[in-house]
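Please find one structure pasted underneath; my questions will follow.
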Number of protein chains: 2
Amino acid sequence: MDGGVKKSGVTSSQVARRAGVSQSAVSRTFTPGASISPKTREKVMAAAQELGYRPNAIARSLITNRSRIIAVVMAYLENLFYPDVLEELGRLLVKENYRLLLFTGHMDRDSDPVFDQLMQYRVDGIILASTTLSSHLSEECATAGIPVVLFNRTTERDAVSSVTTRNREGGRRIAEFLIAGGHRRFGYISGVESSSTNRDRFAGYREALAEAGHDDIVIGVGNYDRAEAEAAAREMFSRPDRPDALFVANDHMAVAVMDVARYEFGLSIPNDLSIVGYDDVGPARWASYGITSMSQPMKRMVEATVNILMGQISSGEIEAEHRILSGDLIVRTSARLPKTGVVEIDGRRIYKPGKS
Amino acid sequence: MDGGVKKSGVTSSQVARRAGVSQSAVSRTFTPGASISPKTREKVMAAAQELGYRPNAIARSLITNRSRIIAVVMAYLENLFYPDVLEELGRLLVKENYRLLLFTGHMDRDSDPVFDQLMQYRVDGIILASTTLSSHLSEECATAGIPVVLFNRTTERDAVSSVTTRNREGGRRIAEFLIAGGHRRFGYISGVESSSTNRDRFAGYREALAEAGHDDIVIGVGNYDRAEAEAAAREMFSRPDRPDALFVANDHMAVAVMDVARYEFGLSIPNDLSIVGYDDVGPARWASYGITSMSQPMKRMVEATVNILMGQISSGEIEAEHRILSGDLIVRTSARLPKTGVVEIDGRRIYKPGKS
DNA sequence: CTGAAAGCGCTTACAG
DNA sequence: CTGAAAGCGCTTACAG
């Protein structure tokens with residue numbers, strides 16, 4: 001099926017011949033830190049320029065056993081949080097002289113074809129965003145000496161490195177905020193129920209509500225998906241005991257839920273219903289939404305991810321590392337305000353209970 | 001700086017020894033269509049399984065002169081149109097057994113470092129979305145036998161393949177729609193002024209307006225950027241001759257412009273101002289916006305792109321090909337309706353002048 | 001600093 | 001169908 005002929009490009013031997021030096025000299029010229037005299041280098045560079053030579057990264061990888069490629073697996077890109085992450089990852093990886101091989105879709109089952117491809121390309125590291133690895137696959141990576149970092153997700157056994165934020169505290173903070181705002185009936189629209197982010201956010205929310213004597217939470221399942229969140233919202237808003245305070249597990253869904261509330265049920269936000277989201281992603285900030293949201297410090301999360309990877313690649317030590325960052329509850333207009341605790345810092349309004 | 005040791009993985013020779021066959025036999029087992037007896041294959045497969053062998057794609061590339069990697073360059077991902085494209089590209093490329101190497105950022109200048117990397121990895125094809133290549137660089141690709149496809153953009157000289165939609169007709173259609181809607185003062189917020197999409201959309205819009213006797217168009221520059229579009233909108237809405245019909249060059253900006261109109265200027269849409277966008281991307285469909293927009297058939301565009309690439313890779317013929325698709329003017333609530341011409345097809349409302 | 005040589009892990013004529 | 005051998009384009013001891 002591949003009948004075509006790709007011209008095979010200029011090689012180091014051709015450059016060597018042209019420059020009147022050995023092939024090794026050409027190689028050294030393009031290897032930072034290699035021992036080469038200025039004069040030889042100059043001859044080589046001239047010949048390379050004339051011929052349009054570029055070292056073949058594939059051949060280099062074969063020798064060095066380093067591809068300088070990082071695989072990034074993202075389950076989906078509809079949620080703008082992830083494109084933002086991807087762009088930042090690209091920026092940082094390029095700075096470290098690494099390339100980014102992108103896979104979309106999940107990696108849940110064992111012996112996934114996507115996983116096979118990662119291994120075949122001998123990637124130097126793997127970043128998994130919004131998805132996790134089976135314990136079997138992560139073991140295989142460890143055996144192969146390939147560092148893996150989970151982004152915005154963890155596994156129970158802590159066996160694989162991860163970068164997350166304090167989701168449980170975030171859930172608590174949201175509950176405290178809504179309680180302080182004088183709400184009485186609390187609702188939750190969940191993400192993917194088995195995900196660590198969802199479990200932690202909900203656990204914190206429920207705990208703090210329970211401590212304040214609120215044991216009944218109206219729950220809908222959104223699976224981090226717009227359509228499912230909308231369906232869950234419709235059902236929830238049709239109930240006689242419709243909540244007046246609703247925590248939606250991320251902004252991607254919160255935006256959709258807000259539209260359902262306003263345009264399908266005619267609810268006034270935040271008068272009839274307060275909505276709080278998570279991530280502080282683009283649309284949450286748009287004037288039409290103004291969603292009060294727990295932020296995740298995306299740039300610092302990406303930085304930590306690249307950091308862990310680079311550290312493990314250069315040290316060869318693959319020990320699970322867990323970086324846990326903190327966000328803030330960014331206060332906008334989608335939820336009723338408590339009397340105290342909202343402060344302004346650097347032009348952003350933030351909820352810090354105990355302060356006023 | 002790379003002190004680490006990556007275990008070098010199981011090789012075909014190791015599998016061969018274990019299976020009691022030659023290394024060639026192992027290779028043939030993993031080469032579809034190669035001549036190998038079922039018995040040998042079975043022995044090899046068993047040994048491979050035990051050892052956890054996976055063919056080294058890097059080594060294979062070196063021989064076959066095919067990396068099975070396609071480079072995708074996307075200038076930015078903030079506009080959800082592009083993440084959508086990326087996800088669809090990933091789906092299609094994986095189906096063709098290709099990998100996707102992602103680069104974000106522009107490729108405008110000659111001898112770009114990003115371009116160097118593409119060449120060093122000997123990618124089999126390049127897709128450029130929302131950015132173009134200098135003529136010098138595209139020549140170099142042609143020389144190297146690497147097919148390039150511009151996605152949603154063209155160059156003047158037609159020298160490099162492209163997939164676009166009829167942007168000029170789209171601009172015309174929008175003008176016709178707004179004229180038929182009885183508007184009197186027309187505005188335009190542009191994309192990147194040098195881009196072919198922007199030029200074509202505006203050219204069609206202006207032509208059709210001129211034909212109807214409307215020669216004055218109030219123009220703002222948005223550069224396909226939210227913040228710039230907002231600034232342009234503010235200036236435009238402050239003018240005494242504020243338009244009552246506004247074409248914003250894509251939905252990504254239209255959403256922002258709409259928020260400025262409603263929340264900063266208290267304009268009622270579409271009563272005070274009609275807004276039409278382009279792309280028919282996610283947020284345009286959200287209830288808070290409901291933007292009337294020229295659609296671009298994203299999936300078919302991606303399909304055409306992959307198609308061109310696969311054709312050129314397998315034939316070895318790199319002749320510029322241009323696929324031009326059509327979209328529809330999807331009618332929602334952000335613009336006043338004409339008396340006739342809006343029809344409903346498959347549950348979507350579309351403007352087809354001449355029909356009712 | 002430099003060159004000759006070995007070798008990375010494969011594919012692919014070639015001969016049997 | 002099978003194996004021995006050459007070779008893809010590099011890096012990297014090794015010896016000078």
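Lettering of chains follows the sequences in order, A, B, ..., and the numbering in each one begins at 1.
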Value rounded to 0.5 Å, distance of CG in A:L118 from CD1 in A:I70:
11.0 Å

Nearest whole Å is fine: how far is D:dT12 C1' from A:F30 CZ?
18 Å

Would you mind telling me which of D:dC10, C:dC14, C:dC10 lies closest to the side-chain atoms of B:S27?
C:dC10

Whole angstrom value for the distance that separates P of C:dG3 from CZ of A:R41:
14 Å

Could you list all the ring-ring contact (aromatic ring centres under 6.0 Å, His included) pairs where at least one residue sits in residues 29-55 of chain A, not counting sequence neighbours?
A:F30-A:Y53

CG of B:L62 versus P of D:dA6: gap in Å, rounded?
18 Å

From C-beta outward on A:A59, which listed nucleotide comes closest to its side chain: C:dC14, C:dC10, D:dG9?
D:dG9

How long is the line joining CZ of B:R66 and P of C:dT12, in whole Å?
11 Å

What is the distance, rounded to the nearest whole Å, between atom CD1 of A:I63 and atom C1' of D:dC8?
11 Å

Intra- and inter-strand pairing of DNA chain D, written as dot-bracket with Watson-Crick and G-U pairs under 3.5 Å and | for the latter, reads |||.||||||||.|||

What do the steps show when you test A:S130 against A:Y224 for side chain to side chain donor-acceptor pair (under 3.5 Å), and what is the final call?
CA-CA 10 Å; A:S130 66; A:Y224 291 139; over 6 Å; no

Let's see if you get this right: which residues in residues 12-25 of chain B place a heavy atom under 4.0 Å from DNA chain C?
B:S12, B:Q23, B:S24

Sidechain-backbone polar pair: A:S196 side chain, A:T154 backbone, donor-acceptor under 3.5 Å:
yes

Close approaches to DNA chain D from residues 31-39 of chain B, in residue order (heavy atom, under 4.0 Å):
B:S35, B:I36, B:S37

So which pairs with a foot in residues 19-31 of chain B pass side-chain hydrogen bond (donor to acceptor under 3.5 Å, both in side chains), sequence neighbours left out?
B:S12-B:Q23

Taken to the nearest 0.5 Å, the spacing of A:I126 CD1 from A:L150 CG works out to 10.5 Å

How many Å lie between CZ on A:R28 and P on C:dT2, as a whole number?
8 Å

Taking atom C1' of C:dC10 as reference, at what distance in whole Å does atom CG of B:N65 sit?
14 Å

Hey, could you give me each pair passing side-chain hydrogen bond (donor to acceptor under 3.5 Å, both in side chains) that has a residue in residues 74-94 of chain B? Not counting sequence neighbours.
B:Y82-B:N152, B:E88-B:R91

Mark yes or no for whether B:S61, through its side chain, and B:R66, through its backbone, hold a donor-acceptor pair below 3.5 Å.
yes

Output yes when at least one side-chain N/O atom of B:Y53 is less than 4.0 Å from OP1 or OP2 of C:dC10, else no.
yes

Euclidean distance, B:I146 CD1 relative to B:R122 CZ, rounded to 0.5 Å
8.0 Å

Atom CE of A:M119 and atom C1' of C:dC10: how far apart are they, to the nearest Å?
17 Å

With a sphere of 6.0 Å drawn around CD of B:E42, does it hold more than 12 non-hydrogen atoms of other residues, nucleotides or ligands?
no

Distance-only, no hydrogens or angles: does the B:R68 side chain make a donor-acceptor pair with backbone N or O of B:E96 under 3.5 Å?
yes

Point-to-point distance, once rounded to the nearest 0.5 Å, from CD1 of A:I127 to CG of A:L93
5.5 Å

Establish whether the base of C:dG9 is bridged to the side chain of A:R122 by a donor-acceptor pair shorter than 3.5 Å.
no

